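Scroll down for the structure; my scribbles are underneath it.
Just so we're clear, the structure is a prediction, and the values are computed from it rather than from any experiment.
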Amino acid sequence: MTILPQPKKLKLTGGTLSLARLSIVLTQSCDSRIFHAAQKLAGEIYDETGIEPKITKVLGTPSENGKIVIDSLGKAGREGYTLTVGDGIRITGDSLAGAFYGIQTLRQMLESEGEDIPCCEIADKPDMQYRGFYHDASRGRVPNLDGVFKMIDFLAYYKQNSYQLYIEHTFAFEEYKGIYKEFGYLTPEEIMEIDDYCYENFIDFVPSVSTFGHLFRLLESNRYGHLRELDSFDDSVKIPWYPTMCHHTINATDDESIKVICSIIDQFVPLCRSKYFNICCDETFDLCNGKNAGRDKAELYVEFTLKIIDHLKSLGKTVMMWGDIVLRHPEVMDRFPDDMIMLNWHYNDDPPVETVEQFARQRFGQVVCPGTSCWNQLCENVGYAEKNITKLVGAGAKYKCFGMLNTSWGDYGAVCPMTCTLYGVVLGACMSWNGRTKAMCEKFDKAVSEHVYGDPTGETVKLIRAFGKLEDQFSWGSFISYVFNGTAFAWDKTPLPEDSKFHRGLAKQGFELAESFRRLPVQSDITSDLRLMAEGYGLMCLQLARVIDGEPDPEDGASEDWCERYTEAWCRDDKPSECAFICAVMRGKRFTWKDLLSH
């Protein structure tokens, strides 16, 4: 029996219980969210047994004989639960959230074992209070509501309790009128729907808005261009996505800057229930390199961020912010309020855990932030991500951090779909719930393969691992670097050989990998996307080999066919956004950052 995350205590007591003909009984402590979760459970029991359980609600605490009894003890702030299977099933949550997580465990038992589930006793609770996922909704992809709801369902199934969407220009802010386009932004109504859907699934939807650096489209607009720290920037790096990520810090000494940022915040705050607000404030690369040249970077950084923090505190919010700049200037750490939370991010395969200890010595809270290693990739790099996630979350547990926020970014156009980054998402969920999770082993891979991909053989995860090894040799980021800037790099930043045979060999392996995904016994949108991305890898490598050899593009229509299928898959879960630019690259076309700006 495989359950993810692995419960803290699970004892098999002998025998099995058929889920057919069991009714579902809620105690009076259960609210509408538990009722809706019970309805989902009932639907899955019907799909397995052909008999749909009746659902009712009663006073008192009934016997579980012949029933699935769901109860809550009403212990605020507690998320543990017990689940017993014998003559019936009893789920008792410490709180409503605990009851909800007990239902998710029963759903996984049904998925794993079918109608007859083992009699057992489970006692479970999370290690970390905050267990979140960070979804980039600005760098290439903007999810549609269907895509967001699928992600929330996925996170809830694996007992995550927080969700953040990264917003730069992709919301209908007043300041971005004329900048955002109808095909690539989220509306206030959509944000409120997301907030409601998260609440239904015991997930805290935390606003996350860029407020200092990473303001490309705002600061390149005619209306607000005068607020750039840099009047102009060096665009000698020809990669079109580079300036969108590496420049455009707002002028922290212009009084208009804080007014604009506070206005942006005020438009977003009322849309979400959360007491938290992530102001980002990371990677302020241009600070003091332009209009404020000669000033103390650390001092100016603190001055501006404290203005933002004070504004949010006046609105009753607890502030989160990325901690990278503060780590570079430890002398200013004690300037930040006790009640805020630093988000400590590191994405390499050997993250510097000493920074976790460094923040742990401060008064404010800390969340460790690993990554799924899906950016600059066509598919997540599992071998890389698991080292990053396990080590950083382990350090977070050691120093009793508030929690974990697992990140998924969209650098260089967000070529990788969310369906191709799910292993890392589940690993983060498991590690933050149960730090004793034994990852990086065949047993865990088979469990993920079964639950996430519907493949109990474990073959799907083996293929995803093989994909990661291909991308270790040559990735989307390397390809983009070569075709736009003339030099391709491996993961370790060493130049790759301009050898067409090398790239043709990788292309062959990519196409073979795609065929292996096609032959998997279980097919779904996820496996279809994995196959699509493997085909894209092959076409990408072939294109580079032809460029090296000076060959013209073939007229076989392979790239055009791939682009059509890729666009269809993209628009299933995301708004069109920058899909056309990904397809342009795959068709052999080139463009500049100014083309992105006008899109």
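Pairs passing the salt bridge (Lys or Arg N to Asp or Glu O under 4.0 Å) check and including a residue from residues 515-536, sequence neighbours excluded, read Glu515-Arg518, Glu515-Arg519, Asp525-Arg572, Asp529-Arg572, Arg531-Glu535, Glu535-Arg565. For residues 402-428, every residue pair satisfying the salt bridge (Lys or Arg N to Asp or Glu O under 4.0 Å) rule, not counting sequence neighbours, is listed here: Arg139-Asp411. Among residue pairs with one or both ends in residues 369-389, those qualifying as salt bridge (Lys or Arg N to Asp or Glu O under 4.0 Å) are Glu386-Arg465; sequence neighbours excluded. Each salt bridge (Lys or Arg N to Asp or Glu O under 4.0 Å) pair with one or both residues in residues 195-208, not counting sequence neighbours, appears once here: Asp195-Arg273, Asp196-Arg273.
Looking at Ser373 and Gln377, their side chains never come closer than 4.5 Å, going by heavy atoms from C-beta outward. The shortest side-chain heavy-atom distance between Val69 and Ile91 does not fall under the 4.5 Å cut-off. Proximity of Leu83 to Met109: side-chain heavy atoms (C-beta onward) are separated by under 4.5 Å at one or more points. Side-chain contact between Ser408 and Tyr134: absent, with no pair of heavy atoms (C-beta onward) separated by less than 4.5 Å. In this structure the side chain of Met533 reaches within 4.5 angstrom of the side chain of Val415, judged on heavy atoms. Annotation: side chain of Cys280 is not in contact with side chain of Val209 (no heavy-atom distance under 4.5 Å). Taking 4.5 Å as the limit, some side-chain heavy atom of Gln366 sits within range of a side-chain heavy atom of Val356. In this structure, Leu327 and Met342 have side chains that are not in contact, with every pair of non-hydrogen atoms separated by 4.5 Å or more.
Proximity of the aromatic rings of Trp433 and Tyr101 is defined here by a centroid distance below 6.0 angstrom, and this criterion is met. Taking the six-membered ring for Trp and the full ring otherwise, the centers of Trp375 and Tyr347 sit less than 6.0 Å from each other.
The two atoms that bring Leu186 and Pro143 nearest to each other are CD2-O, 3.6 Å, heavy atoms only. A pairwise comparison of heavy atoms in Ile526 and Thr419 identifies CG2-O, 3.6 Å as the closest pair. Across Thr372 and Val425, no two heavy atoms sit closer than the pair CG2-N, 3.9 Å. What you find for Glu79 and Ala97 is that their closest heavy atoms are CG-CB, 4.3 Å. Minimum heavy-atom separation, Cys416 to Cys379: SG-CA, 3.8 Å.
Of the charged side-chain nitrogens involved, at least one lies within less than 4.0 Å of a carboxylate oxygen, so that Lys575 and Glu190 count as a salt-bridged pair.
In this structure, the side chain of Asn381 does not engage the main chain of Cys374 through any donor-acceptor pair within 3.5 Å. Between the Asn406 side chain and the Cys369 main chain, no donor and acceptor come within less than 3.5 Å of each other. Remark: side-chain polar atoms of Thr13 are paired, donor with acceptor, to backbone N or O of Cys119 under 3.5 angstrom. Judged purely by atom type and a 3.5 angstrom limit, Ser112 has no side-chain atom pairing as donor or acceptor with the backbone of Gln108. Thr49 places no side-chain N or O within 3.5 Å of a backbone atom of Ala20 that could act as its donor or acceptor partner. Panel note: side chain Glu52, backbone Asp47; no donor-acceptor pair is recorded below 3.5 Å. The closest donor-acceptor contact from the side chain of Ser95 to the backbone of Ala76 lies at 3.5 Å or more, if one exists at all. Formation of a donor-acceptor pair under 3.5 Å by the Thr170 side chain with backbone atoms of Ile167 is not found in this model. Between the side chain of His36 and the main chain of Ser32, a donor-acceptor pair closer than 3.5 Å is present. Using modelled atom types, one side-chain atom of Arg131 and one backbone atom of Lys159 make a donor-acceptor pair closer than 3.5 Å.
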Under the criterion side-chain hydrogen bond (donor to acceptor under 3.5 Å, both in side chains), I'd like the reasoning laid out for Asp455 against Thr460: C-alpha separation, chi angles, the key distance, then a yes or no. CA-CA 7 Å; Asp455 174 16; Thr460 303; 2.8 Å; yes
Would Lys9 and Asp124 count as a salt bridge (charged side-chain N to carboxylate O under 4.0 Å, His left out) here? Give the steps. CA-CA 6 Å; Lys9 296 179 181 178; Asp124 200 12; over 6 Å; no
Pair Lys150, Asp573 - check salt bridge (charged side-chain N to carboxylate O under 4.0 Å, His left out), show working. CA-CA 8 Å; Lys150 286 178 190 175; Asp573 295 329; 2.7 Å; yes
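In the model, Ser18 has a side-chain atom that pairs as donor or acceptor with a side-chain atom of Glu115 under 3.5 Å. Of the N and O atoms on the side chains of Asn144 and Asp574, not one donor lies less than 3.5 Å from an acceptor on the other residue. With 3.5 Å as the limit, one finds no donor-acceptor pair spanning the side chains of Asn348 and His346. Side-chain contact annotation: Gln104 with Tyr81, donor-acceptor N/O pair under 3.5 Å absent. A side-chain N or O of Ser208 and one of Asn278 form a donor-acceptor pair less than 3.5 Å apart.
Geometric assessment of Arg33 against the ring of Phe202 yields a positive cation-pi assignment under the 6.0 Å and 45° thresholds.
Atom-to-atom distance recorded for Thr527:OG1 and Leu520:CG is 6.5 Å, nearest 0.5 angstrom.
Listed by chain and number, the residues in a side chain to side chain donor-acceptor pair (under 3.5 Å) with Asn388 amount to none (sequence neighbours excluded). Evaluation of the side chain to side chain contact (heavy atoms under 4.5 Å, CB included) rule for Thr82 yields Thr92, Ala123 as partners, not counting sequence neighbours. With sequence neighbours excluded, the residues satisfying side chain to side chain contact (heavy atoms under 4.5 Å, CB included) with Leu110 are Leu19, Glu44, Ile45, Glu48. Every residue meeting the ring pair (Phe, Tyr, Trp, His ring centres under 6.0 Å) condition with Phe364, not counting sequence neighbours, appears here in chain and number order: Phe359. Partners of Asp94 under the side chain to side chain contact (heavy atoms under 4.5 Å, CB included) rule, at least two apart in sequence or in another chain, are Leu73, Lys75, Arg78. In this view, Tyr166 and Glu168 satisfy the side chain to side chain donor-acceptor pair (under 3.5 Å) rule, not counting sequence neighbours. The side chain to side chain contact (heavy atoms under 4.5 Å, CB included) search around Asp153 returns Lys40, Tyr197, Asn201, not counting sequence neighbours.
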With a 3.5 Å cut-off and sequence neighbours excluded, list the donor-acceptor pairs that the side chains of residues 1-8 form with protein atoms.
residue	atom	partner	partner atom	Å
Thr2	OG1	Glu450	OE1	3.3
Thr2	OG1	His451	NE2	3.0
Lys8	NZ	Lys125	O	2.7
Lys8	NZ	Asp127	OD1	2.7

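Below 30°, between 30° and 60°, or above 60°: for Trp409 and Trp322 the angle between ring planes is between 30° and 60°, a tilted geometry. Taking the six-membered ring where tryptophan is involved, the planes of Tyr130 and Tyr276 are perpendicular, since the angle between them exceeds 60° and thus also 30°. Note on ring orientation: taking the six-membered ring where Trp is involved, the planes of Phe479 and Trp476 are tilted (angle from 30° to 60°). The aromatic rings of Phe444 and Tyr423 sit perpendicular, their planes meeting at an angle over 60°, well past the 30° parallel limit.
Atom NZ of Lys391 sits in a crowded spot, with more than 12 heavy atoms from other residues, nucleotides or ligands closer than 6.0 Å. More than 12 heavy atoms of other residues, nucleotides or ligands lie within 6.0 Å of CD in Glu354, so this atom counts as buried by the packing criterion.
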